[in-house]
Amino acid sequence: MPNILILGGTTEASALAHAIAATGLRAVLSYAGRVATPRAQPVPVRIGGFGGVACLAAYLRTHAVTHLVDATHPFAAQMSANAVAAAAATGVPLIALTRPAWTPVAGDMWHPVPDLDGAVAALSGERRRVMLALGRMHVAMFAAQPQHHYLLRFVDPPTRIPPLPDHHLVVDRGPFTVDGDTALLRTHAIDLVVCKNAGGTGAAAKLAAARALAVPVIMIDRPVLPERAQTADVATVLRWIGHDADRGV
Ligand code: 3Y8
Ligand code: NAP
């Protein structure tokens, strides 16, 4: 009988959890514990790091996990690397449920950069009004470019004031809407957006808003992840688990 561990934290992970719950298969969804109240799930949830590769491997063994699904965010590179290593160490089969990277369409004004350091470097120069749509964890890096006005958006209120001399903070969680993000960019007279190439739908609204308002976007490329089986399709994951997607879902 399958016993699935889903490494979660994304829209796709939630969709998979709902599909698996509908089949009655045993599954646990795992969160890192990054935010105060992660979205409720229709399967049991565990919250917190495992303690590295060896501890993740030990978790897989002691909980008799039969299938590991890495449905984490494309920028959760450490978790994904640990999942590959722990799956290899234990022989537990692994598949990644991910989403394709965004690609520019007509009207997009993207300036691709390889990583967060590249995004900081790209902000050299005259004062701009920048929406830093990166969440909370990497804001401090942008103190190297204090000349700008920054619009920040965090999931939770911060425990410390962000180290940017001129910023406005919005506390909100996605998925976001195009109308909402268009109004946000307009209200704050944003003339530049910085974001990760997250892909998917939950964070895409700001791209459509930037396109509509002819606002350029500094687009951070995804980190390189280790080789692993992967799909963008929940039904493929269910078939991989050996449960036909046509039955019961
Ligand atoms: C804790 C668990 C679902 C999942 C929803 C997706 C969409 C909405 C859009 C902007 C971009 C950002 C951020 C974002 C989005 C989804 C998805 C997504 C981006 C939650 C969640 C957890 C997190 C962690 C959080 C990070 C932060 C990143 C905010 C749940 C709400 C910026 C990524 O305060 C912190 O420490 C936040 C940390 C990692 C990146 C950062 O560096 O700050 N996500 N986000 C997960 C855990 O503990 O394991 O409550 O759902 C999930 C979601 N956030 O099921 O509906 O699928 O990507 N999350 C980015 O894309 O750049 C916001 O503001 O425009
Ligand atoms: P990360 O840098 O790749 O991982 C750092 C450490 O956090 C991991 O080594 C692991 O700790 C722990 N961890 C990460 N994801 C976990 C999970 N799902 N369950 C249990 N432990 C987890 O991860 P991150 O970028 O901080 O992302 C953390 C969470 O937020 C993930 O669930 C991810 O899907 C979600 N998220 C991230 C982003 C983003 O922009 N990075 C965006 C949306 C959602 P141990 O080594 O101790 O096991």
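Numbering of ligands and ligand atoms starts at 1, following listing order. Predicted model, so just to flag it, every value in this text is computed and none were measured. Start at 1 with the first residue, then count along the sequence.
Note on ligand 1: Phe154 sits outside its first shell, no heavy atom being nearer than 4.0 Å. Distances from ligand 1 to the non-hydrogen atoms of Pro175 include at least one value under 4.0 Å. For the pair Cys195 and ligand 1, no heavy-atom separation below 4.0 Å is found.
Among protein heavy atoms, atom 8 (C) of ligand 1 sits closest to Gly174 C, 3.6 Å. Here the heavy atom of the protein found nearest to atom 36 (O) of ligand 1 is Arg136 NH2, 2.6 Å. Distance from atom 55 (O) of ligand 1 to its nearest protein heavy atom, with residue and atom name: Ser14 OG, 2.4 Å. Among all protein heavy atoms, the one lying closest to atom 3 (C) of ligand 1 is Arg39 NE, 3.3 Å. The protein heavy atom nearest to atom 2 (C) of ligand 1 is Tyr31 CE2, 3.7 Å.
Note: Trp240 and His67 have perpendicular aromatic rings, judged against thresholds of 30 and 60 degrees for the angle between ring planes. Ring orientation note: the planes of His63 and Tyr59 are close to parallel, at an angle under 30° on the 30°/60° scale.
Of the candidates Thr11, Thr72, Leu207, Asp156, Thr11 brings a heavy atom nearest to atom 7 (C) of ligand 1. Nearest to atom 40 (C) of ligand 1 by heavy atom, out of Leu134, Leu7, Ile220, is Leu134.
Residue Phe176 touches ligand 1 through its side chain alone, judged by heavy-atom distances below 4.0 Å. Proximity of Arg173 to ligand 1, defined as any heavy-atom pair under 4.0 Å, is confined to the side chain (atoms from C-beta onward). Of the heavy atoms in Lys206, only side-chain atoms (C-beta onward) come closer than 4.0 Å to ligand 1. Only the side chain of Arg99 comes within 4.0 Å of ligand 1, counting heavy atoms alone; its backbone N, CA, C and O stay farther away.
In summary, Asp191 and Arg128 engage in a salt bridge, as defined by a charged side-chain N under 4.0 Å from a carboxylate O.
In terms of N/O distances under 3.5 Å, ligand 1 is approached by Thr10. Considering backbone and side-chain atoms together, Val35 places no N or O closer than 3.5 Å to any N or O of ligand 1. Any N or O atom pair closer than 3.5 Å counts here, and Gly9 shares no such pair with ligand 1. For ligand 1, the polar-atom distance check finds no N/O of Ser30 at less than 3.5 Å from any of the ligand's N/O atoms.
Distances from atom 11 (C) of ligand 1 to the protein include at least one heavy-atom value under 4.0 Å. For atom 14 (C) of ligand 1, the nearest protein heavy atom lies 4.0 Å away or farther. For atom 47 (C) of ligand 1, a protein non-hydrogen atom is found at a distance below 4.0 Å. The presence of a protein heavy atom under 4.0 Å from atom 44 (N) of ligand 1 is ruled out. For atom 19 (C) of ligand 1, no protein heavy-atom neighbour is present inside the 4.0 Å cut-off. Within a 4.0 Å radius of atom 27 (C) of ligand 1, the protein contributes no non-hydrogen atoms.
For Asp181 (side chain) and Ala209 (main-chain N/O), no donor-acceptor pair under 3.5 Å exists by modelled atom type.
Within 6.0 Å of CZ in Arg186 there are 12 or fewer heavy atoms belonging to other residues, nucleotides or ligands. Taking a 6.0 Å sphere around CZ of Arg173, one finds it holds more than 12 heavy atoms contributed by other residues, nucleotides or ligands.
Leu7 and Val234 fall into different hydrophobic clusters, where Ile, Leu, Val, Met, Phe, Trp and Tyr are joined by side-chain heavy atoms under 4.5 Å apart, directly or via other members. Side-chain heavy atoms closer than 4.5 Å link hydrophobic residues (I, L, V, M, F, W, Y) into clusters, and following such links, even through other members, never connects Val65 to Val237. Criterion: ILVMFWY side-chain heavy atoms under 4.5 Å apart, direct or through other members. Under it, Leu56 and Val92 are part of a common hydrophobic cluster. Placement of Leu132 and Leu151 in two distinct hydrophobic clusters is found when ILVMFWY residues are connected by side-chain heavy-atom separations under 4.5 Å, directly or transitively. Clustering ILVMFWY residues whenever any of their side-chain heavy atoms sit less than 4.5 angstrom apart, transitively, puts Leu225 in a cluster other than the one holding Trp102.
Residue-ligand proximity, Ala133 to ligand 1, at heavy-atom distances under 4.0 Å covers atoms 11 (C), 32 (C), 62 (O), 65 (O). Per-residue contacts place Pro38 under 4.0 angstrom from the following atoms of ligand 1 (heavy atoms of the residue considered): 30 (C), 50 (O). In the vicinity of Ala198, heavy-atom distances shorter than 4.0 Å reach the ligand 1 atoms 61 (O). Close approach of ligand 1 to Val155 is summarised as follows: ligand atoms under 4.0 Å from at least one heavy atom of the residue are 29 (C). Residue Gly202 approaches ligand 1 through these ligand atoms, each under 4.0 Å from one of its heavy atoms: 7 (C), 9 (C). Atoms of ligand 1 found under 4.0 Å from any heavy atom of Met137 (numbered from 1 in listed order, with element): 36 (O), 39 (C), 41 (C), 42 (O), 43 (O). With ligand atoms numbered from 1 in the order given, ligand 1 contributes 32 (C), 41 (C), 43 (O) to contacts under 4.0 Å with heavy atoms of Gly135. Listed by number with element, the atoms of ligand 1 under 4.0 Å from a non-hydrogen atom of His138 are 42 (O).
Residues Tyr31 and Arg39 come closest through the heavy atom pair OH-O, 2.9 Å.
Contact annotation: the side chain of Val45 never approaches that of Pro38 to less than 4.5 Å [non-hydrogen atoms, C-beta and beyond].
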Full working for side chain to side chain contact (heavy atoms under 4.5 Å, CB included) between Val28 and Ile4: CA-CA 6 Å; Val28 166; Ile4 304 142; over 6 Å; no

Carefully, step by step, assess Leu94 and Val84 under the rule side chain to side chain contact (heavy atoms under 4.5 Å, CB included). CA-CA 7 Å; Leu94 165 70; Val84 167; 3.8 Å; yes

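Among Leu184, Val171, Leu134, the single residue meeting the side chain to side chain contact (heavy atoms under 4.5 Å, CB included) criterion with Arg153 is Leu184.
Within 4.0 Å of ligand 2, contacts by protein heavy atoms are made from Gly8, Gly9, Ser30, Tyr31, Ala32, Arg34, Arg46, Gly48, Gly49, Phe50, Gly51, Gly52, Thr72, His73, Phe75, Ala76, Ala77, Gln78, Met79, Asn82, Met137, Lys196.
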